[in-house]
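Below you'll find the structure, written out as structure tokens, and then a few comments.
What you are looking at is a predicted structure, and each value in this text was computed from that prediction instead of being measured.
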Number of protein chains: 2
Amino acid sequence: MNEPKSEVREALLRATVKLFAEGGTKAASTRRIAKEAGVNEVTLFRHFGKKEDLICSAMRWFADQNRVEPLPADPLDPERELVDWCREHHQRMHKLRTLIRTCMADHLEHPDRNSPTLKMPVQVNNELYEYLLRVRASGLASGTWDARSAANMLMGALFSDAMGRDAMPERFPTASDDAIAQYVGLLLSAIGAKTEEGRSAKFEVRSA
Amino acid sequence: MNEPKSEVREALLRATVKLFAEGGTKAASTRRIAKEAGVNEVTLFRHFGKKEDLICSAMRWFADQNRVEPLPADPLDPERELVDWCREHHQRMHKLRTLIRTCMADHLEHPDRNSPTLKMPVQVNNELYEYLLRVRASGLASGTWDARSAANMLMGALFSDAMGRDAMPERFPTASDDAIAQYVGLLLSAIGAKTEEGRSAKFEVRSA
DNA sequence: GAGTCGTGCAAGCAAGCGCTTGCAAACGCC
DNA sequence: GGCGTTTGCAAGCGCTTGCTTGCACGACTC
């Protein structure tokens with residue numbers, strides 16, 4: 001839009017995100033970013049002025065690339081639809097876990113810098129929240145549960161799983177795909193949307 | 001034990017944890033740590049040799065201070081017992097959220113440095129896991145749910161709530177105490193341990 | 001052909017970093 | 001009184017950091 005496309009510019013943004021994810025502000029020095037992008041350090045400053053502006057631009061650029069996976073407008077099979085959607089979401093978070101962790105730590109010191117990346121989880125959460133409302137409205141669930149808390153609970157399970165799975169293997173002995181199915185199954189039971197055939201065998205844990 | 005007690009030493013450890021939580025390795029420079037502890041920078045090096053050793057010692061020292069809250073050996077009222085326990089745990093995580101975030105980001109670069117702090121969530125999770133097994137064994141719950149996943153789910157909800165509540169207020173419109181009660185209620189429903197009187201009104205959201 | 005634009009290169013600046021050295025003062029202990 | 005331990009203070013080392021300057025070279029346009 002207002003910013004002219006440029007190979008150099010994009011290479012710098014990409015390098016910034018990569019190094020920033022790997023080691024935060026400390027690892028993402030202007031010399032290293034420039035080298036990673038195959039560009040002279042001076043060029044970096046000519047494009048972005050200050051390092052701070054470069055990082056902000058890189059965060060905005062990165063956040064703009066990611067779209068929120070939609071959930072069905074008309075829920076038919078909540079179990080299958082949710083498992084599919086959660087696996088997608090979990091996989092993405094797991095791939096981005098180092099960047100997410102760095103952004104979380106950085107958020108205290110630079111709230112504005114990370115605000116674009118924070119919109120992503122909020123949108124994903126809203127998508128799930130509104131889906132749960134639709135599930136209830138269509139009569140596929142029952143009970144007096146709070147949709148906001150239910151959404152937060154499932155998202156929280158996925159999030160902490162994606163963040164902690166590699167660091168705490170004893171906490172996550174189950175394969176991630178099976179664990180996700182378990183989370184979804186538990187949530188559906190909690191909101192009174194669990195079918196009988198689903199409860200019996202389909203979502204047992206494989207590796208207990 | 002093997003390390004002699006010392007006011008100076010403890011002041012340095014405390015200052016290290018504080019500055020490290022605020023801004024990671026970057027903010028926790030030896031000059032700043034010494035100043036925060038009210039001690040000369042040279043004294044720091046005389047005590048700990050290298051900065052790396054100081055940080056490791058500080059992490060171990062801090063992890064040793066925190067004990068895991070026990071859950072009842074004989075579950076009587078899971079709803080009340082879990083809500084109390086979760087509130088305690090949530091409150092502690094929320095207070096330590098900046099330190100937790102920094103450690104998570106730092107864990108990629110220095111896995112050994114942060115391993116003592118990682119034992120804490122694992123122990124807490126085991127405490128909940130074994131409690132859920134007891135709840136099932138005592139006949140207070142029913143169904144074929146996986147206790148490990150159930151524990152991870154509740155812990156994940158608490159964790160992501162404590163981490164994200166201040167950064168994403170739109171995701172957490174409910175007061176934390178009420179949200180926690182909601183999480184517990186949902187989990188108990190999921191594992192077939194929800195009582196009727198509990199479902200009716202006791203755990204409604206206050207601020208919808 | 002002149003001029004503009006984007007880039008590379010060499011050099012350098014002040015500041016902060018982890019860490020070291022040498023010396024003096026204060027303390028408790030024999 | 002002497003002696004070892006602990007601390008403070010001043011200074012400095014080599015290094016990395018963010019950032020700047022000056023100059024030269026190629027590509028493109030008018």
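Residues that satisfy the side chain to side chain donor-acceptor pair (under 3.5 Å) test with B:Y129, not counting sequence neighbours, are absent from this structure. Evaluation of the side-chain contact (heavy atoms from CB on, under 4.5 Å) rule for B:T30 yields B:E41, B:L44, B:F45, B:K51 as partners, not counting sequence neighbours. Residues passing the side-chain contact (heavy atoms from CB on, under 4.5 Å) test with A:E130 are A:R134, sequence neighbours excluded. Every residue two or more places apart in sequence or in another chain was checked for a side chain to side chain donor-acceptor pair (under 3.5 Å) with B:D53, and none qualifies. Residues satisfying the side-chain contact (heavy atoms from CB on, under 4.5 Å) test with A:S115, not counting sequence neighbours, are none. The side-chain contact (heavy atoms from CB on, under 4.5 Å) check on A:A58 picks up A:L13, A:T16, A:V17, with sequence neighbours excluded.
Between A:R14 and A:E10 there is a salt bridge, since a side-chain N of the basic residue sits under 4.0 Å from a carboxylate O of the acidic one.
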Measure all distances between protein nitrogen or oxygen atoms and nitrogen or oxygen atoms of nucleotides 7-11 of chain D, and list the pairs falling under 3.5 Å.
residue: D:dT7; atom: OP2; partner: B:H47; partner atom: NE2; Å: 2.9
residue: D:dG8; atom: OP2; partner: B:N40; partner atom: N; Å: 3.1
residue: D:dG8; atom: OP2; partner: B:T43; partner atom: OG1; Å: 2.4
residue: D:dG8; atom: N7; partner: B:R46; partner atom: NH2; Å: 2.8
residue: D:dG8; atom: O6; partner: B:R46; partner atom: NH1; Å: 3.4
residue: D:dG8; atom: O6; partner: B:R46; partner atom: NH2; Å: 3.1

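Within the structure, every pair that satisfies the ring-ring contact (aromatic ring centres under 6.0 Å, His included) test and touches residues 53-86 of chain A, not counting sequence neighbours, is listed here: A:W85-A:H89. Residue pairs meeting the salt bridge (Lys or Arg N to Asp or Glu O under 4.0 Å) criterion with at least one partner in residues 17-29 of chain B, sequence neighbours excluded, are B:K18-B:E36.
Here the P atom of nucleotide D:dC19 and the NZ atom of A:K50 are 8 Å apart, to the nearest Å. A:E7 has its CD atom 13 Å from the C1' atom of C:dT7, to the nearest Å. Regarding B:F45, its CZ atom lies at a distance of 19 Å from the P atom of D:dG12, rounded to whole Å. Rounded to whole angstrom, the span from the CD atom of B:E52 across to the P atom of C:dC17 amounts to 17 Å. As a whole-Å value, the separation of B:R32 CZ from C:dG16 C1' is 9 Å. A:F48 places its CZ atom 13 Å from the P atom of D:dC19, with the value rounded to the nearest Å.
B:R31 contributes no side-chain N or O that forms a donor-acceptor pair with the base of C:dG16 under 3.5 Å.
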Taking distance alone, no hydrogens or angles, what donor-acceptor pairs closer than 3.5 Å link side-chain atoms of residues 97-110 of chain A to residues at least two apart or in another chain?
residue: A:R97; atom: NE; partner: A:D166; partner atom: OD2; Å: 2.7
residue: A:R97; atom: NH1; partner: A:H94; partner atom: O; Å: 2.7
residue: A:R97; atom: NH1; partner: A:H94; partner atom: NE2; Å: 3.4
residue: A:R97; atom: NH2; partner: A:D166; partner atom: OD2; Å: 3.4
residue: A:R101; atom: NH1; partner: A:M163; partner atom: O; Å: 2.7
residue: A:T102; atom: OG1; partner: A:A21; partner atom: O; Å: 3.2
residue: A:T102; atom: OG1; partner: A:T98; partner atom: O; Å: 2.8
residue: A:D106; atom: OD1; partner: A:R113; partner atom: NH1; Å: 3.2
residue: A:D106; atom: OD2; partner: A:R113; partner atom: NH1; Å: 2.9
residue: A:D106; atom: OD2; partner: A:N114; partner atom: ND2; Å: 3.0

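A side-chain donor from one of B:R148 and B:N126 sits under 3.5 Å from a side-chain acceptor of the other.
Side-chain nitrogen and oxygen atoms of A:S29 include none within less than 4.0 Å of the OP1 or OP2 phosphate oxygen of D:dT16.
Each end of the helix from C:dG1-D:dC30 to C:dC30-D:dG1 gets its own rotation axis from five pairs of C1' atoms, and the angle between them is 10° to the nearest 10 degrees.
Sorted by residue number, the list of members of residues 13-27 of chain A with any non-hydrogen atom under 4.0 Å from DNA chain C is empty.
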